[in-house]
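A quick note: this is a predicted structure, and the numbers were derived from the prediction, not measured. Side chains are part of it too, since the values below use all heavy atoms of this structure and drop only hydrogens, waters and symmetry mates. All chains are named by letter (A, B, ...) in the order of the sequence lines, taking the proteins before the strands, and each is independently numbered beginning at 1.
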There are 2 protein chains.
Amino acid sequence: MAGPGRGVTIADVAARAGVAASTVSYVLSGKRSISPETADRVMQAVADLGYHPHAGARSLASRRAGVIAMMLPLRDGMHLPVLMQFASGAVTEARRHDQDVLLMTADEGPAGLSRVAASAIVDGLILMDVEVRDPRVETLRRLGLPSVLIGFPADAEGLTCVDLDFTAAGRVCADYLAERGCGDIALLGASEAVYARRTGFAERVREGFLGRSGARAEVWPCPDEAVSVQRTVKELLAANPALTGLAVHNEPAVGHVMHALADAGKRVGEDFHVVVIGPDEVAERVHPQLPSVLVPAETLAETAVRHLMRKLDGLEVPDSTLVEPQLTVR
Amino acid sequence: MAGPGRGVTIADVAARAGVAASTVSYVLSGKRSISPETADRVMQAVADLGYHPHAGARSLASRRAGVIAMMLPLRDGMHLPVLMQFASGAVTEARRHDQDVLLMTADEGPAGLSRVAASAIVDGLILMDVEVRDPRVETLRRLGLPSVLIGFPADAEGLTCVDLDFTAAGRVCADYLAERGCGDIALLGASEAVYARRTGFAERVREGFLGRSGARAEVWPCPDEAVSVQRTVKELLAANPALTGLAVHNEPAVGHVMHALADAGKRVGEDFHVVVIGPDEVAERVHPQLPSVLVPAETLAETAVRHLMRKLDGLEVPDSTLVEPQLTVR
DNA sequence: AAAGGCCGTCGAAGCGCTTCGATGATGGGG
DNA sequence: CCCCATCATCGAAGCGCTTCGACGGCCTTT
């Protein structure tokens, strides 16, 4: 049962257990040894009263807020479901460490980082979808706020970064197509805008893909909307009639690509092969279902949170963590 | 420029401006009148030092955390992009009111609500995707924590609820199909599980749909996966060969439905009409693009936050707010 | 049997802020 | 010309917690 009225304080708990407030604090934090009998009495009082320490008071006294921030990108081109998986994965993992998660958007930019750092509202932060040249990175370095980045900026010196090994993902796709006997293959990527922004992952996929498949591969940026996708695919097939394999790294486009291929008389899974880099749903929603390499959003989020927790505890973490891609064949 | 070292306090600002700490506080909060000259000097010092009040200290002293919680459902059947839009809409609006947003998941359940209420870590909360019988509602009432629900529980007495007018949405779809001259029509809904859970919105859509279209309509639950969708559509067409109109209230199924209809020889947009209740992308991603009624997630989130802010300020808000559905014809 | 250690507990000092009451300084009315 | 509002500002008292040093007991150790 949760307590009845508002404002159960540590003093109330102490009174009910017949001890000093500091003793209650030590029982709860375990920072000094307390006799089992006393501890029991305290815990009982805590339960009886439904006591939860006042977060503000605790943060003030201990200089630990018990909250981490998560800054989400809200630019277009971002795939919302993946972000959501990130967010929920992070919250779930954070709660395991008794931390809460504050949600911020990238709109707040560097100033937002300064704000949360200075107000001590969070102990650390996770920055998602970091770009190659990201203005927040410099601020972050200056603030010295413990943080973990998801993605890799150009200069990762002194930062902790976590990401899917996109280069390997590109390689895996190229290999898959090669195994299926595809000679000429192509990578259909995100929209021009994404490349223009020099988004790290897009470039790394390209490198992995090209690096593995040599001269017989090419990379085409690709817009998201139905009509443009159809056109792009048509042009691609026209430009290289010998094409028999395609990797698609553009989630919203997958459905349209399949249509365009069907229109062009390609029988996917038979004389033509397609592999997707993206969430399972996307690869499953089309017919035939496609093999795919997914962005393991939850795993990345968990890893990021775990690393951040270690940093907050003053422990070592690797500067760079690359999660291996898994190809799911359907 | 943000300040150099850590821990700029109000005392530092006061010293630099040559005033008392309390004066700085009053300048910042505007709760007492301060001469323009003094105020200027204070603001200058604040800017020079990059001062941001310590959130914990502020919350302790003022009993206002400046943070609201948002509890997201993470059950399956929930559509992730929509949740994300909610979350980002809420954060954006909250920041306009100088509030931060703490993210919680529904896994924490009622205990989570007790926790955040007792620890005073947030001032209020927004509960998403409330079900007809929701265990959190009772706790919420008991805690008396200011809150706004998105969705309607069975007993909304004394609660503030916001939602899309799903009944109207069902009606709008039925009307659209009627206008297109469809006689026999059907609503393809969410999976059985969603109905079994008695999710409010699913039921309300059904009511609106049936209420408008009389005896010539029917409602079929529908699973999400490709194969089951195809089967369901086939059965539906077999059961009612005269069917010429379909409303689909199941986002992941839309693509498969279109396929199944094509397989059955129906020419959508010509001798058969389909309307979607769901996000724009879903209706746009298929061919032909479909008319749709979207869940205006951002609007709902903004409204919810705005209402919550008013409640925190002790102002009145309507108990129940229904947002009108908009049909987008493509 | 006295001295030293350790264990379990307590009290008090602050963390940085808001807010209340008090205090000069100023100015208008009698 | 004095008194009393009014205005701008100050000082001090907490908010609820953590943490540091202190202090009795009790058990070893000599």
Side-chain angles (χ1 to χ4, degrees), chain A residues 3 5-43 45-46 49-67 98 115-121 123, chain B residues 3 5-43 45-46 49-67 98 115-121 123:
Chain A
R6 1 211 64 222
V8 178
T9 74
I10 199 171
D12 300 331
V13 175
R16 180 175 246 260
V19 298
S22 51
T23 301
V24 175
S25 177
Y26 286 125
V27 169
L28 260 25
S29 72
K31 293 193 178 173
R32 279 196 187 176
S33 68
I34 297 288
S35 73
E37 302 80 46
T38 306
D40 283 353
R41 236 171 332 120
V42 168
M43 292 312 286
V46 166
L49 300 174
Y51 170 71
H52 289 273
H54 186 289
R58 186 207 274 274
S59 132
L60 184 55
S62 71
R63 332 200 115 260
R64 271 278 220 147
V67 180
D98 256 296
R115 179 177 70 84
V116 294
S119 66
I121 196 176
D123 300 323
Chain B
R6 0 211 64 220
V8 179
T9 74
I10 198 172
D12 300 331
V13 175
R16 180 176 248 260
V19 299
S22 50
T23 302
V24 175
S25 177
Y26 286 125
V27 169
L28 260 25
S29 71
K31 293 193 179 172
R32 280 197 187 177
S33 68
I34 297 289
S35 72
E37 301 80 46
T38 306
D40 282 353
R41 237 172 330 122
V42 168
M43 292 311 285
V46 166
L49 299 174
Y51 169 71
H52 289 274
H54 186 290
R58 186 206 276 273
S59 133
L60 183 56
S62 70
R63 330 200 119 258
R64 271 275 220 147
V67 180
D98 256 297
R115 179 177 71 82
V116 295
S119 67
I121 196 176
D123 300 323

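In this structure, Arg64(B) atom CZ and dG16(D) atom C1' are separated by 19 Å, rounded to whole Å. Separating the CD1 atom of Ile34(A) from the C1' atom of dT19(D) is a distance of 13 Å, rounded to the nearest angstrom. Following rounding to the nearest Å, Glu37(B) (CD) and dA8(D) (C1') show an atom-to-atom distance of 11 Å. The nearest whole Å value for the distance from the CG atom in Leu28(A) to the P atom in dG16(D) is 16 Å. Across the protein-nucleic acid pair, Ile10(B) atom CD1 and dT19(C) atom C1' stand 11 Å apart, rounded to whole Å. In this entry the distance linking NE2 of His54(A) with P of dC15(C) reads 19 Å, nearest Å.
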For side chain to side chain contact (heavy atoms under 4.5 Å, CB included), just list the numbers for Arg16(B) and Val13(B), CA-CA rounded to whole Å, side-chain angles, deciding distance to a tenth of an Å, and then say yes or no. CA-CA 5 Å; Arg16(B) 180 176 248 260; Val13(B) 175; 5.9 Å; no

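Of the two residues near DNA chain C, Tyr26(B) and Leu60(B), the one whose nearest nucleotide lies more 5' is Leu60(B). The residue among Arg58(A) and Ser33(B) whose nearest nucleotide of DNA chain D is located toward the 5' end is Ser33(B). Comparing Ser62(B) and Arg32(B) by the nucleotide of DNA chain C whose heavy atom lies nearest to each, the residue mapping closer to the 5' end is Ser62(B).
In this structure, Thr9(A) does not reach the dC15(D) phosphate: none of its side-chain N or O atoms is under 4.0 Å from OP1 or OP2. Within the structure, a side-chain polar atom (N or O) of Lys31(B) is placed less than 4.0 Å from OP1 or OP2 of dT19(C).
The CD1 atom of Ile121(B) lies 9.0 Å from the OG atom of Ser59(A); values are rounded to the nearest 0.5 Å. Rounding to the nearest 0.5 Å gives a distance of 10.5 Å between CG of Leu28(A) and CD1 of Ile34(A). From Arg63(B), atom CZ reaches atom NE2 of His54(A) across 6.0 Å, with rounding to the nearest 0.5 Å. With rounding to the nearest 0.5 Å, the separation of OG in Ser25(A) from CZ in Arg32(A) is 10.0 Å.
Arg63(A) comes within contact range of the sugar-phosphate backbone alone, with a heavy-atom separation under 4.0 Å but no base atom that close.
Closest contact between the side chain of Thr38(B) and the listed nucleotides dA8(D), dG8(C), dG16(C) involves dA8(D).
The two residues Ala118(B) and Gly50(A) make their nearest non-hydrogen contact at CB-O, 4.4 Å.
Proximity of a side-chain donor or acceptor of Asp40(B) to a complementary backbone N or O of Glu37(B) within less than 3.5 Å is not detected.
Within residues 14-25 of chain A, the residues having any heavy atom closer than 4.0 Å to DNA chain D are, in order of number, Ser22(A), Ser25(A).
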